[in-house]
Protein chains: 2
Amino acid sequence: MSETTTGAGNAPRVRARLVDVAELSGVTKSVVSRVLNNDPTLRARPETRERVLEAARELGYRPHAGARALSVARTGTFAFLIPDLTNSVYAVILRGAIRRARELGYVVLIAEDASHAPAGAEEYSELVDAGRVDGLLVASARPESPLVAALVEHPDSVAHVFVNREVPGSRRNVTVDIRGASRLAVEYLASFGHERIGIISGPPDLQPAVARTEGFKSKMADLGLAGDLVAAGDFDEQGGFEAAHELLSRAPEVTALYVSTFGQAVGVLAAAREAGRVVPDDLSVICYDDVPVANYLNPALTTVSMPLNALGVAAVDALMEQVGGAPAASVAIEDHFAVVPRKSVAAPPAS
Amino acid sequence: MSETTTGAGNAPRVRARLVDVAELSGVTKSVVSRVLNNDPTLRARPETRERVLEAARELGYRPHAGARALSVARTGTFAFLIPDLTNSVYAVILRGAIRRARELGYVVLIAEDASHAPAGAEEYSELVDAGRVDGLLVASARPESPLVAALVEHPDSVAHVFVNREVPGSRRNVTVDIRGASRLAVEYLASFGHERIGIISGPPDLQPAVARTEGFKSKMADLGLAGDLVAAGDFDEQGGFEAAHELLSRAPEVTALYVSTFGQAVGVLAAAREAGRVVPDDLSVICYDDVPVANYLNPALTTVSMPLNALGVAAVDALMEQVGGAPAASVAIEDHFAVVPRKSVAAPPAS
DNA sequence: CGGGGTTGCGCAACCGATATTTCAAAGATT
DNA sequence: AATCTTTGAAATATCGGTTGCGCAACCCCG
């Protein structure tokens with residue numbers, strides 16, 4: 001609308017600078033800057049403010065990010081270190097983070113710290129050293145990465161939060177309640193009458209894996225059931241397949257499985273087929289984390305959904321507080337998880 | 001290594017600036033800058049160069065990105081506009097792009113332009129106007145987004161490429177050979193003896209959808225087969241389910257389906273089950289794009305894999321050329337696709 | 001009518017780099 | 001010995017903002 005009034009419309013505009021706005025409104029750039037930033041120390045006539053605002057609007061003025069960063073020593077940028085982009089769990093967290101960041105005037109750039117591309121940590125310090133970012137969102141699942149170690153040792157060197165990970169010794173963990181969700185999953189299975197419940201866990205050196213196992217065992221204990229049916233595998237299809245294969249042959253009496261990730265669950269389903277067990281008649285399966293495709297597996301997979309989007313939001317909020325100078329504090333998102341019932345859980349076989 | 005020689009080791013370092021390096025090496029900052037940037041117009045004694053280099057190393061000097069951006073009018077940043085972060089297709093492209101960008105000294109920031117968050121386009125122009133980015137990677141699937149229209153009309157206003165999308169009227173499309181891959185899929189099905197082959201296509205206003213259909217029809221024609229079994233649905237599970245449901249009831253004689261996306265294929269499998277058709281005995285299914293989980297569906301899904309990583313790499317390379325001043329040119333990745341045979345394709349039923 | 005206190009805004013220094021210009025000292029030339 | 005070139009590096013302007021301070025003009029008051 002206002003663009004057309006300039007007559008320039010959608011012509012290949014050149015960037016308008018502060019001085020351009022100043023010239024057009026007949027004041028100096030310092031006044032323009034203060035008006036646009038609502039500097040309370042500035043005394044200006046309302047009509048002057050209005051002229052400035054109007055000129056800025058007319059020119060489509062936007063402060064140059066680099067110049068501003070230079071001045072105020074703030075970039076308006078966060079970096080997100082992610083272990084695996086193709087894992088939709090992280091994608092959802094990232095989405096929540098990006099949106100929240102945008103609401104706060106921040107943008108986020110991505111680095112991947114996959115096991116096959118271990119450059120992530122180094123890249124991070126490059127970003128920090130180059131003054132490119134104001135803070136780090138670290139979702140790396142790799143234990144004892146040099147980056148994590150450095151951050152734990154010098155927590156104040158740069159604003160940061162660990163996302164979906166409880167790093168020992170850090171007061172900057174933003175997490176969901178994995179244990180609570182795991183307890184809920186077990187409770188759900190038990191409500192169908194299952195007693196011999198097993199867990200497909202993850203690599204024991206990964207904290208999220210042990211949290212699931214802890215939740216599992218604690219709820220089993222509360223129910224007076226034996227929590228000894230544990231098998232560990234990688235957090236992917238292959239890992240789930242292998243762990244389930246092993247557990248099903250070691251303890252064929254198991255009637256229900258709590259699985260740590262969706263990827264694993266897909267593998268578990270394959271292993272169950274291979275073992276000649278039909279889900280859910282001969283074996284019930286529930287997994288941590290809900291993804292859309294779960295609804296279309298055969299059978300449709302019962303899951304417990306986690307507030308991953310909220311996790312991303314909370315992570316950015318926590319980071320913003322640090323940037324704003326507030327003391328660091330871990331955040332745990334306690335609820336907002338729920339089992340989404342589908343077709344992979346039923347009562348145990350009569351036998 | 002060199003860090004420990006400073007004695008500061010891993011202490012909470014403060015950023016070293018150009019002047020710090022200058023002071024330490026006993027020259028002025030202009031000399032330091034030119035030495036570090038290999039300015040050919042600078043004449044300096046080798047020993048002076050060495051002193052500067054050593055000082056920079058010792059201080060762990062890294063130029064401040066904002067300051068440099070201000071000076072050279074380049075940010076070292078690209079932005080990637082992505083329609084759906086949770087879609088692993090885009091994740092793989094993004095991964096390739098990020099890695100390549102990093103090799104070239106660039107970082108990439110993400111914006112999501114989902115249908116449920118249509119702010120993406122606006123965010124983009126904010127990024128450009130604020131001088132935050134040197135170029136745009138546009139993978140938005142949304143047809144006629146205002147951003148796309150603006151870029152097509154003023155192609156030189158900002159460096160950009162369209163990724164995995166053939167935008168009419170643009171010379172900046174970086175694509176894979178969807179038609180060729182589609183032809184390959186059809187050929188593969190035909191090699192099993194299928195003649196009544198159908199396609200589950202996508203929204204007709206999305207260019208990638210029509211490309212698949214075109215490839216399908218052209219190969220069917222080449223084979224002397226009728227290419228009339230077409231059903232369209234959204235590119236997700238739901239869309240695949242609905243389209244397949246419709247096609248299977250409309251044309252029950254179909255013996256094989258070429259499906260446009262993995263998400264759709266999952267829905268197609270569900271629809272087949274619902275229709276009482278067992279895959280692959282009563283119905284063969286192959287889909288465009290390979291993802292790890294395809295191997296664990298029931299049955300394991302035969303797919304045609306695409307060079308998505310290479311696509312991301314090529315997109316960044318094309319963008320870099322534009323930034324470097326080269327004339328824009330579309331790029332098509334012609335081969336590197338292949339069918340990965342699994343369990344969802346077999347010979348048509350004898351009947 | 002002159003002095004003190006606002007009101008409203010301009011001046012100029014910085015932020016940390018890059019790039020062009022200037023200049024002192026050393027060596028070559030006559 | 002006096003001038004002309006080179007060599008090597010210092011000065012300085014600039015990029016586009018932010019921010020502390022200064023300073024007129026205006027007001028009110030005695």
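Hydrogens, waters and symmetry mates are skipped; everything else that's a heavy atom, side chains included, is used. In what follows, chains carry the letters A, B, and so on, assigned in the order in which the sequence lines appear, proteins first and then strands, with residues in each chain numbered from 1. Computed from a predicted model, the values in this text were never measured in an experiment.
Checking C/dA19, C/dC15, C/dG16 against every side-chain atom of B/V72, the shortest atom distance belongs to C/dA19.
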Passes side-chain contact (heavy atoms from CB on, under 4.5 Å), B/N164 versus B/V174? Steps please. CA-CA 6 Å; B/N164 204 23; B/V174 180; over 6 Å; no
Applying side-chain contact (heavy atoms from CB on, under 4.5 Å), run through A/T86 and B/R95 and close with a yes or a no. CA-CA 9 Å; A/T86 60; B/R95 171 187 289 161; 3.6 Å; yes
Would you sort out whether A/I333 and A/T175 count as a side-chain contact (heavy atoms from CB on, under 4.5 Å), showing the intermediate values? CA-CA 6 Å; A/I333 302 178; A/T175 54; over 6 Å; no
Stepwise side-chain contact (heavy atoms from CB on, under 4.5 Å) test for B/L94 and B/I110: CA-CA 9 Å; B/L94 176 59; B/I110 308 298; 3.5 Å; yes
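End-to-end axis angle of the helix from C/dC1-D/dG30 to C/dT30-D/dA1, using five pairs per end and rounding to 10°, comes to 70°.
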Can you check nucleotides 23-25 of chain C for protein contacts, nitrogen or oxygen pairs under 3.5 Å, and list what you find?
none

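Following rounding to the nearest Å, A/L36 (CG) and D/dG17 (C1') show an atom-to-atom distance of 11 Å. Atoms CG (B/L18) and P (D/dA9) sit 16 Å apart, rounded to a whole Å. D/dG16 atom C1' lies 11 Å from atom CZ of A/R68, rounded to whole Å. Per the geometry, CZ belonging to A/R17 stands 11 Å off C1' belonging to D/dT14, to the nearest Å. Following rounding to the nearest Å, A/R132 (CZ) and C/dG16 (P) show an atom-to-atom distance of 17 Å. Nucleotide D/dT18 holds its P atom 12 Å from the CG atom of B/L70, rounded to whole Å. To the nearest angstrom, P of C/dT18 lies 12 Å from CG of B/N38. When rounded to the nearest whole Å, the span between NE2 of A/H64 and P of D/dT14 equals 18 Å.
In this structure, the separation between CG on B/L59 and CD on B/E54 is 9.5 Å, given to the nearest 0.5 Å.
For A/Y61 and D/dG17, the shortest distance from a side-chain N or O to OP1 or OP2 is below 4.0 Å.
Side chains of B/N38 and B/R49: a donor-acceptor N/O pair is absent below 3.5 angstrom, by distance only. In the model, A/R100 has no side-chain atom that pairs as donor or acceptor with a side-chain atom of A/N309 under 3.5 Å.
Remark: B/E126 engages A/R102 in a salt bridge, criterion side-chain N to carboxylate O under 4.0 Å.
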Nucleotide by nucleotide, 5' to 3', does protein get under 4.0 Å of the base (B), only the sugar-phosphate (S), or neither (-) in nucleotides 4-13 of chain C, counting heavy atoms? ---SBBBBB-
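The two residues A/L85 and B/A91 make their nearest non-hydrogen contact at O-CB, 3.5 Å. Summarising the geometry of A/P155 relative to A/R172, their closest heavy-atom pair is O-NH1, 3.2 Å, with the distance given to 0.1 Å.
Considering A/V21, A/L53, A/T48 as possible partners of A/V35, the one that fulfils the side-chain contact (heavy atoms from CB on, under 4.5 Å) test is A/L53.
B/D39 comes within 4.0 angstrom of nothing in the nucleic acid, heavy atoms only.
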